[in-house]
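Both ligands and their constituent atoms are indexed starting at 1 by order of listing.
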Amino acid sequence: MSGVTAMAAKKFSRSVYAAKLREWGEIAFVDEAAFQHRGKWGELFRQRIGAGFERRMIFEVGCFDAVYLCRIAARYPQVGFIGLDWKCKAIYEGVQRIAQSGLRNVVLLRGRAQEVSRIFGEGEVDEVWVFHPDPCDRPAELKNRLIAEPFLTEVHSVLREGDSNLFLKTDHPSYYQWVLGLLGLPEPTSFQLPSPGVRSRDLMRLEDIPPRNEAVLRRFEVVTNSSDFWNDPAALAAVEARYFAGEVTLFESRFIRKKLPIYFLQLGRRATPFVGVGE
Ligand SMILES: C[S@@+](CC[C@H](N)C(=O)[O-])C[C@H]1O[C@@H](n2cnc3c(N)ncnc32)[C@H](O)[C@@H]1O
């Protein structure tokens, strides 16, 4: 298939699934519709779940076909779960899953994570999960990495005051290295080559590692940091009360089978920071 034909096919498939999704307007919110409940997600879940709704909301970025989110949501029917992905077909498959299982506490959004503060109002969300974001690991793509100051600033604004957190998992050594750079944290010793678990081509060029970012550190504190989540008793204990404890995502399962480590960070929201001129 030529580049132009492939692009046309992708556009066609996107529009077919976008149209199909519009038939599921109660549980799927596509593009602009993803913004219509901003500040009112609690009301939506109150209607869908009833008086038992605990007023807790979990937002999963890059939920793909929502198989992971639905598995967890089925165990916590009084909590609201919102999944987002930009792939129409994956969201459509997720919607079918929600409809078939009759889950009242999950909705899905087709949209861009970069628009998180158009989706949620201030302080609406209890947890943000970013599990295995796209690696964007070629030098020209690094600027597209989601975990960076603009996204984290928006996430800070939508997280509830108090105990609210962003959780990140990645299978990608260079992504982890990138985030450690932003947070001013040292790299694990496994990144000192030669190392059995990490290849030099999986690591970043030193000049590409971002400097410690004060705007991010004013907004978040590092609560948990692990370079081998599933083999780290302290990290597992730190999240044992979380909804996602013990659950493996689709992408993660492939890396676990290959015995590769999963990198993990829990960033706790700090109280609203002083925002300096120019920020
Ligand atoms: C590597 S997959 C991981 C899927 C799932 N979280 C897992 O662990 O199995 C990344 C997912 O994030 C979605 N994604 C990447 N960047 C996104 C963005 N900026 N906004 C919305 N979805 C995004 C992709 O479409 C893809 O489904």
Side-chain angles (χ1 to χ4, degrees), residues 7 10-11 13-15 17-18 21 28-35 38 58-73 81-98 106-120 125 127-138 140-155 158 165-176 178-179 202 226 229-230 239 242-258 260-266:
M7 219 149 76
K10 201 170 161 196
K11 246 185 170 170
S13 135
R14 186 201 175 281
S15 62
Y17 284 103
L21 277 173
F29 303 96
V30 180
D31 301 340
E32 289 296 310
F35 310 138
R38 186 179 186 277
I58 310 300
F59 176 49
E60 185 187 8
V61 172
C63 66
F64 195 57
D65 62 3
V67 66
Y68 177 79
L69 197 63
C70 287
R71 199 162 66 228
I72 296 173
F81 292 87
I82 301 163
L84 168 114
D85 207 289
W86 59 22
K87 289 189 178 140
C88 280
K89 183 165 181 268
I91 288 293
Y92 181 73
E93 286 166 4
V95 164
Q96 303 305 301
R97 194 181 314 284
I98 296 169
V106 195
V107 297
L108 299 182
L109 316 180
R110 179 356 270 203
R112 296 174 67 243
Q114 287 81 350
E115 300 200 285
V116 63
S117 65
R118 291 185 71 195
I119 297 171
F120 297 105
V125 181
E127 293 180 12
V128 175
W129 301 350
V130 186
F131 293 160
H132 306 282
D134 284 351
C136 303
D137 51 357
R138 280 179 291 169
E141 293 175 327
L142 290 173
K143 62 179 185 318
N144 301 331
R145 282 191 162 168
L146 183 63
I147 303 294
E149 185 186 326
F151 175 70
L152 292 174
T153 301
E154 292 207 11
V155 167
V158 306
N165 298 271
L166 177 143
F167 296 95
L168 170 73
K169 283 185 189 176
T170 178
D171 44 272
H172 226 270
S174 115
Y175 210 116
Y176 183 52
W178 166 275
V179 184
D202 295 333
S226 176
F229 178 69
W230 291 104
V239 302
R242 300 284 166 185
Y243 304 119
F244 63 80
E247 294 290 345
V248 173
T249 77
L250 177 71
F251 271 69
E252 205 167 333
S253 61
R254 298 179 188 161
F255 292 92
I256 293 175
R257 269 199 301 276
K258 291 185 194 164
L260 290 169
I262 300 298
Y263 306 99
F264 175 82
L265 278 157
Q266 173 181 353

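Here the heavy atom of the protein found nearest to atom 20 (N) of ligand 1 is Ala113 N, 3.0 Å. Of the protein's non-hydrogen atoms, Phe251 N, 3.0 Å is the one closest to atom 9 (O) of ligand 1. Closest protein heavy atom to atom 19 (N) of ligand 1: Gln114 OE1, 2.9 Å. Shortest contact from atom 16 (N) of ligand 1 to any protein heavy atom: Trp86 CZ2, 3.4 Å. Ranking the protein heavy atoms by distance from atom 3 (C) of ligand 1 puts His132 O, 3.3 Å first. Protein heavy atom nearest atom 15 (C) of ligand 1, with residue, atom name and distance: Asp134 OD2, 3.2 Å. Nearest to atom 12 (O) of ligand 1 among the protein's heavy atoms is Gly62 CA, 3.3 Å. Atom 7 (C) of ligand 1 has its closest protein heavy atom at Thr249 OG1, 3.3 Å.
Residues Ile119 and Phe29 fail the side-chain proximity criterion, which asks for heavy atoms closer than 4.5 Å. Side chains of Cys63 and Ile91 form a contact here, defined as non-hydrogen atoms less than 4.5 Å apart. Looking at heavy atoms from C-beta onward, Phe120 lies out of side-chain contact with Val128 at the 4.5 angstrom threshold.
Residue-ligand proximity, Phe131 to ligand 1, at heavy-atom distances under 4.0 Å covers atoms 3 (C), 5 (C), 6 (N), 8 (O). Less than 4.0 angstrom separates some heavy atom of Leu84 from each of these atoms of ligand 1: 21 (C). Atoms of ligand 1 found under 4.0 Å from any heavy atom of Leu250 (numbered from 1 in listed order, with element): 9 (O). Every atom of ligand 1 is numbered from 1 in the order shown, and the set under 4.0 Å from a heavy atom of Arg112 is 20 (N).
Screening Tyr176, Phe264, Phe131, Tyr263 against Phe229 for a ring pair (Phe, Tyr, Trp, His ring centres under 6.0 Å) leaves a single residue, Phe264.
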task = Could you check Val130 against Phe151 for side-chain contact (heavy atoms from CB on, under 4.5 Å), going step by step and ending with a plain yes or no?
result = CA-CA 11 Å; Val130 186; Phe151 175 70; 4.2 Å; yes

request  = Go through Lys169 and Trp230 one step at a time and tell me if the side-chain contact (heavy atoms from CB on, under 4.5 Å) criterion holds.
outcome  = CA-CA 11 Å; Lys169 283 185 189 176; Trp230 291 104; 3.8 Å; yes

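Salt bridge absent: Arg97 and Glu93 never bring a charged side-chain N and a carboxylate O closer than 4.0 Å.
The shortest heavy-atom distance from Glu252 to ligand 1 is not under 4.0 Å. In this structure, Gly111 has a heavy atom closer than 4.0 Å to ligand 1.
The shortest heavy-atom contact between Ala28 and Val95 is CB-CG2, 3.6 Å.
Looking at Val61, Asp85, Ile262, Leu109, it is Asp85 that brings a heavy atom closest to atom 26 (C) of ligand 1.
Stacking of Lys258 on the aromatic ring of Phe255 is recorded, both the 6.0 Å distance cut-off and the 45° axial limit being met.
Put simply, the side chain of Trp178 gets close to the backbone of Ile147: a donor and an acceptor are under 3.5 Å apart.
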